[in-house]
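Counting starts at 1 for both ligands and their atoms, in listed order.
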Amino acid sequence: MAQTKMKRAILYNENIKSILEILSENPEGISGQAISEKLKVSRSAISKIVKNLEKLGYKFEVSKKKYKLIEKPDVPFPWEIGEEGKNVIFFKEVDSTQEKAKELAIKGKISHGTWVIAEKQKSGRGRMGRIWESPQGNFYGSVFLKPDLPLKETVKISLIGGLAVLRTVKSYEITKSIKIKWPNDIFVISENSAKKLAGVLAESFGESEKIDFTICGIGVNINNSPLDIAICLKELVGEKHNLLTDFTKRFISIFKQTYEEFLKGKWLELKTEIEINMWRGKVKVMQGEKEFTGTCVGINPDGSMVIQKQDGGYENIFYGDTIIVTSQEKSE
Ligand code: BTN
């Protein structure tokens with residue numbers, strides 16, 4: 001397929017969704033005529049949609065004028081992720097969903113709650129200028145939000161993103177311990193290791209007293225663990241059909257629900273849930289030249305982290321990089 005085509009946004013399409021539903025309900029196949037009558041769409045339009053879907057990786061068997069769906073690719077196209085797919089702009093490949101969402105936000109082309117999701121990123125970004133390895137098979141998405149917050153408190157958005165990932169991961173009934181690491185990571189903790197499953201990058205724009213908008217970017221390792229210190233969902237749940245699509249569907253809806261709780265003024269309840277599920281052991285915090293080691297004891301109402309230092313005193317942490325300290329130092 002031509003490079004320009006690959007870069008095109010793929011949007012929710014009701015006809016595509018309905019055709020795929022009809023085909024799934026008729027595993028033995030169904031005629032183009034019958035689909036056309038059900039949807040009141042011409043047979044040539046159906047044939048065109050099927051051809052386009054084949055280009056996107058769907059497999060069909062077409063015999064005796066019957067269409068039979070053989071296989072769906074594990075790609076979270078907007079029509080595969082339910083109602084919330086209407087708020088998704090999907091790309092096969094982008095430099096970074098974060099940059100793409102920011103570009104669309106500045107041009108006024110997206111509204112609150114719109115997601116930019118990509119199958120892979122060429123220049124995925126993490127916090128502190130790090131690279132976020134983004135091979136095909138994992139989740140990469142950035143959502144455009146308009147929170148009514150001063151810049152200092154936008155750490156809450158990062159924590160809410162992390163909580164939504166945690167809630168989604170827990171919906172798979174995983175036995176391993178999953179923890180939020182302040183302010184932006186999800187880790188899988190075992191006796192002597194801490195492995196990173198997901199990261200959140202919340203970037204805000206506007207005045208420091210009242211921001212204009214936030215782009216909350218989230219990367220979750222689903223089928224690949226690109227680094228040694230990483231782990232992926234597949235390693236936790238085992239083989240599951242089309243895991244990336246399944247995760248995306250659950251996550252987009254859980255994120256929306258979690259963010260709505262925040263908008264309804266339930267921050268303190270969310271904060272408590274985050275505290276229950278956060279890494280509360282030893283941490284090293286790095287703020288440029290400054291470094292603290294201590295025990296994470298909780299989160300303040302403004303979203304900052306409280307650590308108890310080795311000398312017994314407490315320190316509120318508003319920014320910086322946190323490293324989990326287990327028996328050895330293992331995580332970024
Ligand atoms: C971190 O742990 O440092 C945050 C990682 C955030 C990665 C996501 S993937 C989707 C979005 N696009 C990017 O380029 N980065 C974020």
In terms of residue, atom name and distance, what is the protein heavy atom nearest to [atom]?
atom	answer
atom 10 (C) of ligand 1	Thr97 OG1, 3.2 Å
atom 6 (C) of ligand 1	Arg125 O, 3.6 Å
atom 5 (C) of ligand 1	Trp132 CE3, 3.4 Å

(message) Taking the six-membered ring of Phe292 as reference, does the cationic atom of Lys309 (NZ for Lys, CZ for Arg) lie under 6.0 Å from its centre and within 45° of its axis?
(response)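 Pair Lys309/Phe292 does not count as cation-pi.
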(request) Give a yes or no on whether the backbone of Ile254 and the side-chain of Arg167 come within a donor-acceptor separation of less than 3.5 Å. (result)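 Side chain of Arg167 to backbone of Ile254, a donor-acceptor pair under 3.5 Å: no, none is there.
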(message) One thing to verify: whether Asp321 and Arg127 come together as a salt bridge, which I'm taking to mean a side-chain N less than 4.0 angstrom from a carboxylate O.
(response)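 Salt bridge present between Arg127 and Asp321.
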(request) Decide, yes or no, whether a salt bridge links Arg125 with Glu203 under the criterion of side-chain N to carboxylate O below 4.0 Å. (result)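 A salt bridge links Arg125 with Glu203.
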(request) Heavy-atom distances under 4.0 Å are what count here, so tell me which part of Asp185 touches ligand 1: side chain, backbone, both or neither. (result)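 The side chain, only.
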(message) Measuring from non-hydrogen atoms of Lys196 to any atom of ligand 1, is the shortest distance under 4.0 Å?
(response)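 Flag set, Lys196 near ligand 1.
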(message) Suppose we screen for ring pair (Phe, Tyr, Trp, His ring centres under 6.0 Å). Which residues come up paired with Trp182, at least two apart in sequence or across chains?
(response)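 Ring pair (Phe, Tyr, Trp, His ring centres under 6.0 Å) list for Trp182, sorted by chain: empty.
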(message) Nearest non-hydrogen contact with atom 1 (C) of ligand 1 belongs to which option: Leu201, Asn184, Val220, Ile215?
(response)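 The nearest heavy atom belongs to Asn184.
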(message) Under 4.0 Å from a heavy atom of Gly124: which atoms of ligand 1 are those, numbered in the order shown and with their elements?
(response)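 Reading through ligand 1 atom by atom, the close ones are 14 (O).
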(request) Give the numbers and elements of all ligand 1 atoms closer than 4.0 Å to a heavy atom of Gly141. (result)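 Heavy-atom distances to Gly141 below 4.0 Å select 10 (C).
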(message) Using side chain to side chain contact (heavy atoms under 4.5 Å, CB included), reason through Lys68 and Ile70 one step at a time and then give a plain yes or no.
(response) CA-CA 6 Å; Lys68 188 167 157 182; Ile70 306 294; 4.2 Å; yes
N/O of [X] under 3.5 Å from N/O of ligand 1, yes or no?
X	answer
Arg127	yes
Gln121	yes
Ser123	no

(request) With the side chain counted from C-beta on, respond yes when Ile174 and Val237 share a heavy-atom pair under 4.5 Å apart, and no when they do not. (result)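 Yes, their side chains come closer than 4.5 Å.
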(message) Can you confirm whether more than 12 heavy atoms, excluding those of Lys249, are under 6.0 Å from its NZ atom?
(response)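 Check fails, neighbour count at 12 or below.
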